[in-house]
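Accompanying notes for the structure given below.
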Number of protein chains: 2
Amino acid sequence: MGQSHRRNPRQQVYSDESMPMKRQKADVTARLLAIFKQLISEGTLVQGARLPAERDLATNLKVSRGSLRQALKMLEVMGVVSQRVGDGTYLNGAAPSILAEPMEFLILMDGISMAELMDARLIVEPELAARAAQRWTPPDLAALHDSISRMMECGDRPGELIAEDLRFHRTIFRMAENRVCSVMFTIVHQSMHKLVEITSQMVHLDHTVRLHTRIYNAIRKRDPVEAKARMFAHLTDARKLLLQSQKAARRRPVAKRKLNAALS
Amino acid sequence: MGQSHRRNPRQQVYSDESMPMKRQKADVTARLLAIFKQLISEGTLVQGARLPAERDLATNLKVSRGSLRQALKMLEVMGVVSQRVGDGTYLNGAAPSILAEPMEFLILMDGISMAELMDARLIVEPELAARAAQRWTPPDLAALHDSISRMMECGDRPGELIAEDLRFHRTIFRMAENRVCSVMFTIVHQSMHKLVEITSQMVHLDHTVRLHTRIYNAIRKRDPVEAKARMFAHLTDARKLLLQSQKAARRRPVAKRKLNAALS
DNA sequence: TCCGGGGAATGGTATAACCAATTTGAGTCA
DNA sequence: TGACTCAAATTGGTTATACCATTCCCCGGA
């Protein structure tokens with residue numbers, strides 16, 4: 001058959017504007033999504049609630065199990081529900097990973113680089129640090145301090161070091177008391193680490209601990225201006241290291257396994 | 001049968017940490033998602049490309065059409081692909097709405113209020129305005145100017161006014177040259193408008209035009225500090241209006257249609 | 001050259017069946 | 001009495017098949 005696309009792709013380039021959101025014949029799947037939104041918003045479904053079995057639910061909603069599963073699969077990927085075979089489908093609590101999968105595709109499709117992710121952090125995180133300095137409570141500060149302590153014990157294992165770094169920044173996000181930014185940039189942070197091969201020379205333990213400590217001290221003093229500046233310095237420094245490391249290893253180590261066969 | 005959940009929900013409260021990302025038996029759907037990611041990343045699938053028909057693709061990938069459709073449906077909801085009956089499945093270009101649906105669920109499940117969305121904008125948009133002031137090119141500035149002009153011609157139709165407001169802010173996002181923040185806060189902006197009933201008294205045309213013009217002038221002067229301050233003032237003002245409006249109409253106009261029957 | 005109709009291709013949905021993992025609970029044995 | 005065993009029931013996971021509605025392509029007629 002070859003790849004004889006018999007039709008003109010009809011391009012449909014995204015205009016700068018948002019799509020008119022055609023309210024067509026109400027896709028069954030879209031309708032199901034709307035139903036779940038309403039069930040959640042009106043409190044019929046609460047965190048931890050167990051949904052009826054797929055077969056029953058499909059019957060009650062007057063749709064086929066296949067269509068229902070399309071909707072449930074989307075909810076699962078977004079982290080809204082968890083499905084366990086032999087057990088059931090449960091509504092999750094607030095899902096920190098709700099944006100993770102979409103973000104990965106966003107990075108892929110827009111060709112977003114690690115540098116641009118870092119740039120985004122550079123725009124937002126200093127401001128979040130400033131807010132943290134103004135709003136922290138004692139347990140927050142203790143968490144921040146613990147994070148630094150644990151990082152010093154990490155040794156040279158890059159995995160743990162990265163995890164501890166993420167925890168430090170996430171704590172600051174939480175202290176800034178804005179869940180929108182917190183969730184978004186937690187995902188940005190994670191995506192960044194997925195995108196780059198973290199090498200040990202990129203993360204100097206002592207160096208990172210020193211910068212984190214400066215941020216911590218500024219926050220503890222409730223000095224938003226200094227906290228912002230310290231965070232800015234920390235991220236600028238990190239970006240510089242990442243760019244150096246990328247320039248050093250310009251090669252593309254990714255094995256481009258060919259899957260073209262799948263497309264016949 | 002009633003709602004006799006015969007099993008202990010086994011709570012599984014989200015810990016503060018990210019999930020260990022269990023690499024289990026590789027869900028067929030998850031595997032398909034990974035395949036699509038790779039096809040996109042290695043350039044086998046490019047913008048506008050037409051995917052093989054579902055039946056062929058399922059055969060080639062050695063999965064059933066139902067499973068494939070679960071994966072395709074997720075990609076469609078995320079805006080990665082578009083499916084048209086009788087036509088085919090196409091890979092979209094950079095999708096501005098890739099985070100829209102997940103964001104709606106995030107708002108629902110975390111109980112995020114309009115105020116918190118506005119707060120997030122207040123954290124980020126001033127900084128983006130500052131960057132815009134440093135980086136704009138003549139066409140950008142013209143777009144900004146046009147947006148203000150069009151807004152003055154909107155009259156009192158709130159729909160168009162909101163659309164024009166969104167365009168103004170999105171233009172600034174683009175000028176700031178960070179697609180991560182641009183996409184994220186475009187979605188935040190849209191979600192906010194979905195969440196509140198925009199009333200005409202909340203959006204004073206002349207007032208908005210005046211504030212937008214101040215931002216525009218500051219950007220034109222390439223003065224990042226003033227641009228930031230002007231944007232901050234604009235959003236602070238908007239937040240005040242929104243909160244007032246919410247306080248005035250504390251009633252819950254949402255008709256809580258009961259769907260509990262669906263859950264048997 | 002233009003126009004229209006028929007057939008093929010495609011996504012959308014529904015149904016049925018089976019598999020694999022898990023829970024449940026009755027039965028069994030110490 | 002209590003702990004263990006194991007088979008049945010339940011549930012999500014997957015596949016296969018059939019049919020419908022829409023869209024596109026192409027060919028024939030005006």
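Just the heavy atoms: all of them, side chains too, but no hydrogens, waters or symmetry mates, feed the values below.
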>> Can you tell me if Gln83(A) touches the phosphate of dG13(D), counting only side-chain N or O atoms and a distance under 4.0 Å to OP1 or OP2?
In response: yes
Could you give the [atom1]-to-[atom2] distance, from [X] to [N], as a whole number of Å?
| X | N | atom1 | atom2 | value |
| --- | --- | --- | --- | --- |
| Glu54(B) | dT14(D) | CD | P | 17 Å |
| Lys73(B) | dA14(C) | NZ | P | 12 Å |
| Leu68(A) | dA14(C) | CG | C1' | 13 Å |
| Tyr90(B) | dC24(D) | OH | P | 8 Å |
| Glu76(A) | dG12(D) | CD | P | 11 Å |
| Asp56(B) | dG11(C) | CG | P | 9 Å |
| Arg84(A) | dT23(C) | CZ | C1' | 12 Å |
| Gln70(A) | dT14(D) | CD | C1' | 14 Å |

[X], nearest nucleotide to its side chain (from [options]):
| X | options | result |
| --- | --- | --- |
| Arg55(A) | dT15(C), dG11(C), dC18(C) | dC18(C) |
| Arg65(A) | dG13(D), dT13(C), dG12(C) | dG13(D) |
| Asp87(B) | dG11(C), dC24(D), dG13(D) | dC24(D) |
| Ser67(B) | dT11(D), dT10(C), dT15(D) | dT15(D) |
| Ser64(B) | dT11(D), dG11(C), dT15(D) | dT15(D) |

> Is there a donor-acceptor contact under 3.5 Å from the side chain of Glu104(A) to the main chain of Ser191(A)?
Replying inline: no
> Has the side chain of Arg170(A) got a donor or acceptor atom that lies under 3.5 Å from a matching backbone atom of Thr186(A)?
Replying inline: no
>> Restricting to ring-ring contact (aromatic ring centres under 6.0 Å, His included), what partner residues turn up for Phe168(B), sequence neighbours left out?
In response: His212(B)
> Between Thr89(A) and Lys62(B), who's closer to the 5' end of DNA chain D by nearest nucleotide?
Replying inline: Thr89(A)
>> Applying side-chain contact (heavy atoms from CB on, under 4.5 Å), can you list everything that pairs with Ala120(A), at least two apart in sequence or on another chain?
In response: Phe185(A), Asn178(B), Val180(B), Cys181(B)
>> Looking at Lys73(A) and Glu76(A), is there a salt bridge between them, counting it only when a charged N and a carboxylate O are closer than 4.0 Å?
In response: yes
